[in-house]
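Here is the structure we will look at.
So you know, we letter chains A, B, ... as the sequences are listed, proteins then strands, and number each from 1.
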Amino acid sequence: MALRPDELHRIAEGLGREPTTVELYAFDAQWSEHCSYKSSRHLLKQLPTTGPNVVLGPGEDAGILHLGEHNGERYGVVIAHESHNHPSQVVPFEGAATGVGGIVRDVLCMGAEVIALADCLRFGDVEDPNSHQRYVAQQVVDGIAAYGNAIGVPNIAGDVYFDEGFNDNCLVNVIALGLVKEDEIIHSRAPEGSAGWDIVLVGKATDASGFGGASFSSLTLEEDNQEANKSAVQVPDPFLKNVIMRATYRVFEYLREKKITAGFKDLGAGGIMGCTAELCAAGGFGAIIDLDDVNVAVEGLPPEVIAVGETQERLCWVLPGDVTLDVLRIYNEEFSLPEIARGARATVIGAVQAEKRYVMRHGSEIVMDVPIDFLTGAVSNELRHREPARTTPSSARNALEPGGLAQALAAINACSREPLYKEYDAVVRGRTVIPRGHTDAGVIAPIPGAPFGVALSVGGSVIEAVRKVVAVGARPIGLTDCLNFGNPNNEEHYALLAGAVGALSDEAKMFGLPFVSGNVSLYNESASGTAILSSPIIGCVGVLDDVGNVVTPALKHPNSQLYFIGTQETGSALKAESKRIAAVLEGVNDGLILSVRAIGNDGMLAAAARMAFASGNDFGVTFRDGVVPEARCHGWLVEAAEPATFEAFANRTLSREDWELVGITSVAGIDGEVDVASDGRFWDLDELHAAWVKPLAEIYA
Amino acid sequence: MSARVAVLVFPGTNSEAETVRICRDVGLDAESVHWSKGASLPKYDAYVLPGGFAYEDRIRAGAIAAHDPMMDYVIEAAGEGKLVLGICNGAQILLEAGLVPGTGAVRKPTAAFTHNAPSGKFICKHVHIKLVAETSRCAITAALPSGTIIPAWSAHGEGRLAATPEHLNEITSGGHLAFVYAHSDGTVDDAAIPNGSALGCAGLTNKRGNILAIMPHAERDAWNFNHPDLADRENILAPSGGAILFRAFAKALS
């Protein structure tokens with residue numbers, strides 16, 4: 001258990017007696033960092049969460065951003081972001097797969113259709129083919145693929161990095177997007193006037209898997225506890241989830257026809273207890289749950305396992321009694337859940353009650369009876385910390401030696417990710433505009449019949465994620481964050497967390513972008529005391545009002561002028577970034593920019609090579625003499641349609657120091673080679689491409 | 001009146017939405033028909049079995065779905081000469097049901113789409129497929145000249161045609177090979193095959209030519225927005241690219 005002695009004392013004091021076994025496990029889950037954000041909530045308050053685009057900010061299972069209006073109806077993009085780091089380290093395939101399963105439910109339960117996935121992965125040193133790190137890196141990808149592909153949600157964005165700092169703790173962050181009409185949002189709470197309504201559990205039969213998962217994820221991983229840790233990981237069933245999702249879409253339709261406002265929430269950490277307690281507490285109610293009515297996979301499960309175990313593929317409805325039978329019929333008969341998986345079904349397990357107590361019955365006994373707000377209310381762990389050090393990324397790069405670009409592109413953290421993401425279905429549902437690949441933001445056209453595009457990117461900072469979305473011509477509208485850090489009780493790690501939240505907050509405010517959902521994953525540390533590299537991971541959603549204006553990084557023509565838009569500075573100079581973003585978007589929309597790529601940490605030289613690869617190596621790039629392309633990493637490389645018009649536009653929209661003519665596109669020379677060339681250095685694109693695709697192809701063969 | 005097309009949804013199917021959408025966009029009266037509503041199947045003029053993982057690909061992809069009661073109706077309808085199009089998992093089901101290539105008895109498959117080689121893994125990759133059947137050979141593609149190149153997404157873990165040498169012989173000699181993988185310019189070589197498929201096979205038809213089983217998803221590269229750099233940006237929602245296959249299907253039903 002993760003409860004501390006002072007928390008145990010508080011529980012006994014609050015209840016006026018010693019807790020029962022079930023209550024003890026309930027508080028252990030509910031007061032864990034995973035459920036309560038007790039060490040991070042006061043920090044997260046700094047993040048901006050409001051704005052004109054925010055339909056629903058943080059607080060429920062997912063946030064919602066306004067997408068646009070079509071046929072008189074307002075549409076929102078639902079977004080949720082979560083980590084499944086600990087489970088993925090212990091049982092990588094199942095851990096990663098259930099990470100996808102969980103995030104999909106978070107989006108689904110807002111009344112939304114799930115439309116896209118992204119994954120952000122950090123693995124250890126995978127050089128040694130026999131290492132556990134390599135096994136983890138392979139199995140995590142297989143697990144994400146197996147789950148996402150089967151449920152039929154396209155995976156359109158993501159990133160992956162390798163560092164020995166993740167040898168003992170991999171990071172598996174997943175993001176899901178959904179589409180919902182804004183007047184059809186379902187909230188994660190018992191609705192007004194719902195006292196006496198049914199609490200309906202839907203999904204897989206409850207078993208002993210995932211018992212203790214919430215507190216497991218809120219502790220560091222201890223090697224001698226491997227077996228117990230494994231049992232805390234859940235078992236994925238994407239086949240059942242596929243059917244539950246489709247059945248749930250049918251239930252949404254039914255409830256809309258009946259004009260019923262229901263409550264709906266996913267079962268995650270804390271199982272039946274966590275979900276039903278939060279649903280009812282959020283509506284200002286209590287609940288009474290009969291554990292004997294829960295469909296279980298095996299008889300004789302202890303009540304605490306039924307109550308807090310994290311069996312996957314379950315959701316919970318709060319429904320008025322007169323529609324309950326119809327909803328049960330949809331799940332159990334029309335979509336035949338009991339025939340899809342043994343013991344799976346929708347079933348009434350309790351009722352909402354006006355009295356604000358949370359009660360659980362098992363057999364003839366009351367096994368839990370606590371004030372609901374005490375169970376779900378704020379616990380805090382405001383830790384003292386040193387003044388956080390704010391790090392500024394370094395921009396200075398050295399010029400590469402000839403041959404150096406091939407080596408740089410073949411570096412494990414720069415090489416092609418295709419061998420990995422080709423295992424993911426990027427195009428299921430037929431709405432994909434730009435799949436993951438040459439761009440750093442995936443784009444979909446989510447509403448059949450409407451011209452909107454939605455872009456999604458991930459990055460290690462707000463500005464990185466924003467630039468990637470802008471690079472496909474999408475206007476950024478909101479953010480999510482997952483903060484992956486070490487043990488917060490360690491002052492140094494806590495300071496890093498606090499520093500990162502401050503930096504994210506500053507950046508987001510600078511762009512006027514809200515965080516609408518997020519997650520913290522602390523305790524990413526092994527028993528040997530090695531914490532991970534601190535890893536904030538940011539997701540950014542962008543919108544194209546007309547997806548016909550989308551732009552790709554593929555170079556389009558020979559002899560086009562190439563311009564750098566950006567800055568050589570960091571810190572305060574970034575204040576002008578909003579102006580540069582507006583200029584890039586205007587240039588794309590007006591057709592002045594034919595192709596564009598955000599420049600990553602690997603610099604403008606690598607960006608040029610990637611734009612050439614995207615053209616199928618049809619076009620190369622020749623940089624102007626005196627330009628040191630590898631030294632530029634804060635902006636975009638763009639191909640102009642027509643130099644005079646572009647320069648007039650740049651003069652009008654940008655400060656003169658924020659743009660520069662840096663090169664020109666080229667075609668094959670007399671030797672038949674298409675090159676990237678800079679200052680007398682020449683790199684054959686075919687050779688560069690071969691070097692770029694090789695490293696991960698060996699690992700993900 | 002446009003033809004009524006049923007897009008079958010088995011437990012585990014995941015591509016019904018885009019399949020219905022492209023069928024409607026080329027003028028067909030298409031709707032998805034769910035496994036609990038199988039009894040309504042006889043009233044339709046044609047059937048599409050879309051992609052997914054029906055019955056979780058247990059045993060082999062398509063093996064259980066081939067025995068689903070919905071397939072009784074499809075087998076009967078196919079025997080009457082109605083058109084049946086299977087895409088990806090739908091193609092796997094048609095092979096497992098013995099309807100394609102149809103050189104053996106019903107539900108006694110003579111060939112299978114099985115694990116990709118060499119990786120054995122699911123691969124999502126943009127491909128082109130080339131119509132190699134003669135114009136008169138397959139009713140569904142009759143509107144397309146032989147040699148037509150269609151863009152599509154190959155997205156499957158089990159898409160490699162496998163059969164005994166005798167059965168492969170029957171496929172070639174009987175003209176069952178409908179589509180092969182090709183490059184965008186129409187050239188055919190091993191590099192164009194994403195999954196090690198025998199004969200470079202991407203699609204098969206039956207003797208009568210009223211059934212087509214095709215592995216790649218033409219319906220996922222079927223609108224201008226699916227391929228923006230190649231497309232007419234002014235009509236970004238218009239069908240194009242892979243839609244050509246469905247236009248031919250609609251023409252065959254008109």
With a 4.5 angstrom heavy-atom cut-off, is it the side chain or the backbone of A:P238 that approaches chain B, or both, or neither?
neither

Could you report the tightest heavy-atom contact between [X] and [Y], atom names first, then the distance?
| X | Y | result |
| --- | --- | --- |
| B:N226 | A:T432 | ND2-O, 2.9 Å |
| A:A426 | B:C124 | N-SG, 3.5 Å |
| A:A445 | B:F225 | CB-CD1, 4.1 Å |

Charged N to carboxylate O under 4.0 angstrom, A:D546 versus B:R233?
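Looking at B:R233 together with A:D546, the answer is no, because their closest N to O distance does not fall below 4.0 Å.
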
Pairwise salt bridge (charged side-chain N to carboxylate O under 4.0 Å, His left out) hits with a residue in residues 23-41 of chain B, at least two apart:
A:E334-B:K37

Tell me whether A:N242 contacts the main-chain N or O of B:P11 through its side chain, where contact means a donor paired with an acceptor under 3.5 Å.
no

Counting only N and O atoms by type, is there a donor-acceptor contact under 3.5 Å from the side chain of B:N14 to the main-chain atoms of A:N149?
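Looks like yes, one N/O pair under 3.5 Å.
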
Distance-only side-chain donor-acceptor flag, A:S336 / B:W35, under 3.5 Å:
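The answer is yes; a qualifying pair exists.
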
Check whether B:K125 gets within reach of chain A through its side chain, its backbone, both or neither, counting any heavy atom under 4.5 Å.
neither

Does any backbone or side-chain atom of B:T13 lie under 4.5 Å from a heavy atom of chain A? Answer side chain, backbone, both or neither.
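Contact with chain A is through the backbone of B:T13 alone.
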
Describe, in one word, how the ring planes of A:F335 and B:H34 are oriented to each other, choosing from parallel (under 30°), tilted (30 to 60°) and perpendicular (over 60°).
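The rings of A:F335 and B:H34 stand perpendicular, inter-plane angle above 60°.
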
